[in-house]
2 protein chains.
Amino acid sequence: MNSPLHLYKAEFFKALGHSVRLAILDALREGPLSVTELQAVIQADQSILSQHLAKLRVMKFVSSRREKTTIYYDVPDREVYQFLDLAKNIYVRQLQQSQEMLKELAPSEELPE
Amino acid sequence: MNSPLHLYKAEFFKALGHSVRLAILDALREGPLSVTELQAVIQADQSILSQHLAKLRVMKFVSSRREKTTIYYDVPDREVYQFLDLAKNIYVRQLQQSQEMLKELAPSEELPE
DNA sequence: CACATATATTTGAATATTCTAATATAACAA
DNA sequence: TTGTTATATTAGAATATTCAAATATATGTG
């Protein structure tokens, strides 16, 4: 169960396990953006953004190309978005379940302080 | 970009970012198993397994039901497996890309020691 | 009740990830 | 060459995750 493949899979999911990296992928949904553009959309500072881009690059979620001094990032494998959409279906259901538990805990009452 | 939803999404992926937890989900693909059975399949010790099951439970990837002293775990949302299969398509391609880079680095040669 | 079995939780140390700040690099323009 | 803009990398501190060991709990049995 700790085969190289299992460990690699875990790295794959870890690469997605950060809100900035998810925001990057979201921002690139409609097409490539430069780092500066990403910075504006995501509101993260230069160094942070660059470090997270590096992780996504290492794991091949994004590719980059230089044009003069600007670097454009892209998600070449469009199936990534199908995948993220499927993820959304699942976690929305999971959240709903948590909601239901809360309601059962406090039926027609305020939550205790 | 650090909205509660983005943060929750990140938690969702983090929950999958561990080889033991992926092994658990794999083991439950064909149906429910008890903790003892999981221990045998996954070869992880009791405490570790239980801690990872707890994370999967909190994030609603698994549900559990007690039968006498035995607790059976299950993945009630079968779409999770579609999702994991899609993930596999993607990371297999990502791995292939890494392979190609290696080949380019050392064309028709052994890798340097 | 006392004990056994199955599983869960807690605690602290070990390890990994993230952030901040500073520095480095690459390409171009003057 | 010097300066400027865009981006990347590094180092160390801050934070989070994981693991191992010990302990707790829940259920059933004699």
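By convention in this document, chain letters (A, B, ...) are assigned in the order of the sequence lines, proteins followed by strands, and residues within each chain are numbered from 1.
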Practice task
Would you kindly give the CG-to-P distance between B:Asp45 and D:dA21, to the nearest whole Å?
Solution key: 8 Å
Practice task
Calculate the interatomic distance between B:Glu37 atom CD and C:dA6 atom C1'; express it in whole Å.
Solution key: 12 Å
Handout entry: Distance, rounded to the nearest Å, where B:Tyr72 contributes OH and C:dA6 contributes P
Key = 11 Å
Practice task
Establish, with yes or no, whether the OP1 or OP2 oxygen of D:dA8 is under 4.0 angstrom from a side-chain nitrogen or oxygen of A:Tyr73.
Solution key: yes
Practice task
Using a 4.5 Å cut-off on heavy atoms from C-beta on, say whether the side chain of A:Asp26 contacts that of B:His6.
Solution key: yes
Problem - Between C:dT7 (P) and B:Gln39 (CD): distance, integer Å - result: 7 Å
Handout entry: Per-nucleotide protein contact string for nucleotides 12-19 of chain D (B base, S sugar-phosphate only, - none; heavy atom under 4.0 Å)
Key = -----SSB
Practice task
Look at the side-chain N and O atoms of B:Arg57 and state whether any lies under 4.0 Å from the OP1 or OP2 oxygen of C:dT9.
Solution key: yes
Exercise for the section: Give the rounded distance in Å between these two atoms: CG of B:Leu33 and P of C:dA6. Expected result: 15 Å
Exercise for the section: Check whether the side chain of B:Gln46 and the base of C:dA8 form a donor-acceptor pair under 3.5 Å. Expected result: yes
Could you tabulate the donor-acceptor pairs under 3.5 Å formed by side-chain atoms of residues 60-68 of chain B, not counting sequence neighbours?
{"from": "B:Arg65", "atom 1": "NH1", "to": "B:Glu67", "atom 2": "OE1", "distance (Å)": "2.6"}
{"from": "B:Arg66", "atom 1": "NH1", "to": "B:Lys68", "atom 2": "O", "distance (Å)": "3.4"}

Handout entry: Spacing between B:Ile24 atom CD1 and C:dA8 atom C1', to the nearest angstrom
Key = 14 Å
Exercise for the section: Apply side chain to side chain contact (heavy atoms under 4.5 Å, CB included) to A:Val58 and list each qualifying residue two or more places apart in sequence or on a separate chain. Expected result: none
Practice task
Figure out the CG/C1' separation between A:Leu53 and C:dT18, and round it to whole Å.
Solution key: 15 Å
Exercise for the section: Scan side-chain atoms only and decide if A:Ser98 and A:Gln94 contain a donor-acceptor pair under the 3.5 Å cut-off. Expected result: no
Problem - Minimum side-chain heavy-atom gap A:Leu28-A:Tyr73 below 4.5 Å - result: yes
Practice task
Answer yes or no: does a side-chain N or O of B:Thr69 lie under 4.0 Å from OP1 or OP2 of C:dA6?
Solution key: no
Exercise for the section: Just compare D:dA20, C:dT7, D:dT7 and give me whichever is closest to any side-chain atom of A:Thr70. Expected result: D:dT7
Practice task
Give a yes or no answer on whether the side chain of B:Arg21 reaches the backbone of B:Leu53 with a donor-acceptor pair at less than 3.5 Å.
Solution key: no
Handout entry: Earlier contact from the 5' end, DNA chain C, for A:Lys68 and A:Ser47
Key = A:Ser47
Handout entry: Heavy-atom side-chain proximity of B:Val75 to B:Leu56 below 4.5 angstrom
Key = no
